[in-house]
Amino acid sequence: MRYSRAFIPTLKEAPKDATMPSHVLMLRAGYARMVGAGIYELLPLGTRVLHRIERIIREEMDAAGAQELLMPTFVPGDYFKETGRWDLYGPTLLRIEDRKGGEYHLAPTHEEIVTDLARREVKSYRQLPLNLYQIQLKYRDEPRPRGGLLRCREFIMKDAYSFDVSEEAAVQSYEQMRDTYHRIFTRLGLEYRVVEADSGAIGGKQSAEFQVLAQTGEDWIVACSSCDYAANVEVAKAGLAAPPASSAAEPQPLEKVETPETRSIEEVVSFFGGETNAAHTLKSLLYVAGEEVCLAVVRGDHEVNELGLARHLGVEEVVLASDAAVKEATGTEIGFVGPVGFSGRILADPDAVAVRNAIAGATETPYHYKNVNHGRDFKAEVVPIRQAASGDPCPSCDGTLELYRGIEGGHIFVLGTHYSDKMQATFLDEEGSSHSIVMGCYGIGVSRLIAAIIEQHHDEDGIRWPIHVAPFQVIITPIGKDEAPLAKATEIYEALRAQGVDALLDDRSERPGVKFKDADLLGIPLRITVGSRGLKQGTVELKERTQNESRDVPMDDAADAVRDAMAALQS
RNA sequence: CGGGGCGUAGCGCAGCUUGGUAGCGCGCACGGUUCGGGACCGUGAGGUCGGAGGUUCGAAUCCUCUCGCCCCGACCA
């Protein structure tokens, strides 16, 4: 491509609405433009990157035996009604009415559609296993789109669905997809962790998220520094934390203290001054779980894992009680609730009950108790209900957990027969008896990954694409107003093109500074600079985007040097 | 959904408090000088001041409503 003919609208200043690095750079470097909140255009450069990513995904999916197909985005509502998701999905589902008043929606995911296909066409165990995938637009009316391509209402997703004869076979398919995802994420140049995740209330027996590590990620995950263990904090098993030093003490008599204006743990700690710290207090939160109201107690420096709490209680979700509900259930105000004197069901985290002589709300405004001890002063069901935190011991080895932020780049599930049962997607086995097809589903947020890669690969000057996903592998930059550099650059460009290299020739009549700045901004991995100075000595310069220094290469070997450098970057 | 911020030229912004016929930088077009890390000089094009209504002789500016975008939060006491 000749730069002078390319549609690459770069910006010196970032539009003020962009804050995340990937968002700013995609706009500045001319990869994308916004059309509405969470709705973007991918410009030619962005489209090239998209195609590169898609190609890697297709190669690996095809190698794993999956077959690509294309399902509709605009679908009748009947399928979602069959499985109940027409109601369950809520406002996130973009619903459309056609001219006859028929109910339709834009697909946020395709389990129902693909299951319908399977029930119509798959009749025999001989047709299984089967894995179908597509790369296509998805629609979700997100409550809050953000971060450019990181969370959009319209986005590109690779979704695959596996169909098997049994649970064991489905797990095999799942494991194969996990291996495939490892290869894909590695080829994309991403630093990522596979983490245990919530499989959701629906179906999921087993699931894992592929989390791309980035400070700007929306998810919190913990990963062990010495083994493979990693999990979303929603589901991370927290080992027992080291108890506070003071916990060795003998139990002291319970003491009620007037503590005005101490609604938060922070305020309580500062009220008691040097006497205590957050790890020595108990945090007591009242939750509504279905019909029941119960008190969750964790150590003051810990957080309740609401998902874990809900799982323990066997409910879909728990909701923190409102101020009014707290008043009604405990007779006291938020901030002064505690396990002592609470009459309902109490669940306490093991780390919380390990604290001796703790400070906790007195369930009476405005008082706290000192020297609260589990067993003597209150009785609770002891269950792990806190979120894992940085520094916690690893549950599967003797390492410690680190906290990271992640961008969910992929998610794989064993679905079981959740959808096939509801939609009667069955097959006949060798004996002629009928069974529900056992399914799995596997998603990759393709457009999100464009942004995720930039989050991991950029510097203050611009993007630094890994070679496998770069829109062009090399940019050739003739410098100066003489004819010679452009002529030589064109020669090198043609040579590279003849060898199938995606090259960009910056044939614009811009000053050198402009060309260099744009090249850095676009993030093309290799740059050949052709200047009249070098030409006199028969050399051109080869520079990698991630290196500070360039090196001279004989001008007639330029194309070979580029190919060698590409090979090095690709390995 | 709650809170905060912002809508003035393609991008970044000033002007608004104290109403008086809209300005700066970048970018763009043309001419000239420049030419190895976002050059300089000159000339020029480009704006229903997000939209609607109101107050006023007069509204970017004041009032009301509305639309859009961004950020934080969505209840950890």
Side-chain angles (χ1 to χ4, degrees), chain A residues 9-20 23-24 27-28 30 33-40 90-91 142-148 151 216 218 233 259 261-269 278 281-288 295-306 309 318-327 329-330 332-338 349 352 360-363 365-366 368 385-387 389 461-462 477-482 485-486 506 508-521 527 529-535 540-541 543 548 550:
Chain A
T10 60
L11 260 21
K12 277 192 189 173
E13 292 182 272
K16 66 174 186 313
D17 285 343
T19 52
M20 290 197 187
H23 192 193
V24 168
L27 295 174
R28 282 198 55 212
R33 288 292 185 264
M34 184 176 81
V35 173
I39 307 171
Y40 284 81
E142 295 284 346
R144 189 181 154 205
R146 74 187 91 178
R151 180 169 292 276
T216 46
E218 294 181 280
V233 290
T259 55
E261 299 305 317
T262 54
R263 285 180 164 71
S264 66
I265 293 295
E266 207 172 278
E267 286 165 347
V268 170
V269 169
T281 66
L282 299 181
K283 187 187 282 184
S284 308
L285 305 170
L286 196 67
Y287 280 96
V288 179
L295 193 69
V297 180
V298 295
R299 217 167 74 181
D301 58 333
H302 288 156
E303 306 294 339
V304 170
N305 179 350
E306 294 187 348
L309 182 63
V318 293
V319 181
L320 208 54
S322 65
D323 294 23
V326 169
K327 187 105 188 177
T330 66
T332 188
E333 285 174 36
I334 279 175
F336 301 98
V337 176
D349 187 75
T363 321
T365 309
H368 276 77
I385 52 167
R386 74 171 176 93
Q387 260 181 23
D461 293 318
T477 309
I479 291 299
K481 59 181 191 296
D482 303 339
L486 180 58
D506 194 349
R508 299 175 299 168
S509 54
E510 289 290 349
R511 298 164 58 83
V514 174
K515 293 187 176 186
F516 293 147
K517 287 288 184 188
D518 276 337
D520 288 346
L521 182 60
R527 188 180 81 204
T529 306
V530 185
S532 34
R533 266 189 343 225
L535 286 186
V540 296
E541 292 159 42
K543 182 180 174 298
N548 287 325
S550 64

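First the proteins, then the strands, lettered A, B, ... as listed; each starts at 1.
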Just wondering, do A:N305 and A:L309 contact through their side chains at under 4.5 Å, heavy atoms? no
Taking the side chain as C-beta and beyond, is there a heavy-atom pair between A:F336 and A:H368 under 4.5 Å? yes
Between [options], which nucleotide has the shortest distance from any of its atoms to the side chain of [X]?
X: A:E13; options: B:G38, B:G37, B:G12; value: B:G12
X: A:K543; options: B:G37, B:C76, B:U34; value: B:G37
X: A:R144; options: B:G36, B:G37, B:G73; value: B:G73
X: A:K12; options: B:G27, B:C70, B:C71; value: B:G27

Base, sugar-phosphate, or nothing: which does [X] touch, judged by heavy atoms less than 4.0 Å apart?
X: A:R527; answer: base
X: A:L27; answer: nothing
X: A:K515; answer: nothing
X: A:A321; answer: base
X: A:G300; answer: nothing
X: A:E306; answer: base
X: A:V337; answer: nothing
X: A:R299; answer: nothing

Are the charged groups of [X] and [Y] less than 4.0 angstrom apart, N to O?
X: A:E218; Y: A:R151; answer: yes
X: A:E510; Y: A:K515; answer: no
X: A:K283; Y: A:D301; answer: no

Closest nucleotide of RNA chain B for A:L286 versus for A:A14: which of these residues is on the 5' side? A:A14
B:C69 to B:C57 separation - C1' atoms, rounded to the nearest Å: 37 Å
I'd like the P distance from B:U48 over to B:A22, given in whole Å. 12 Å
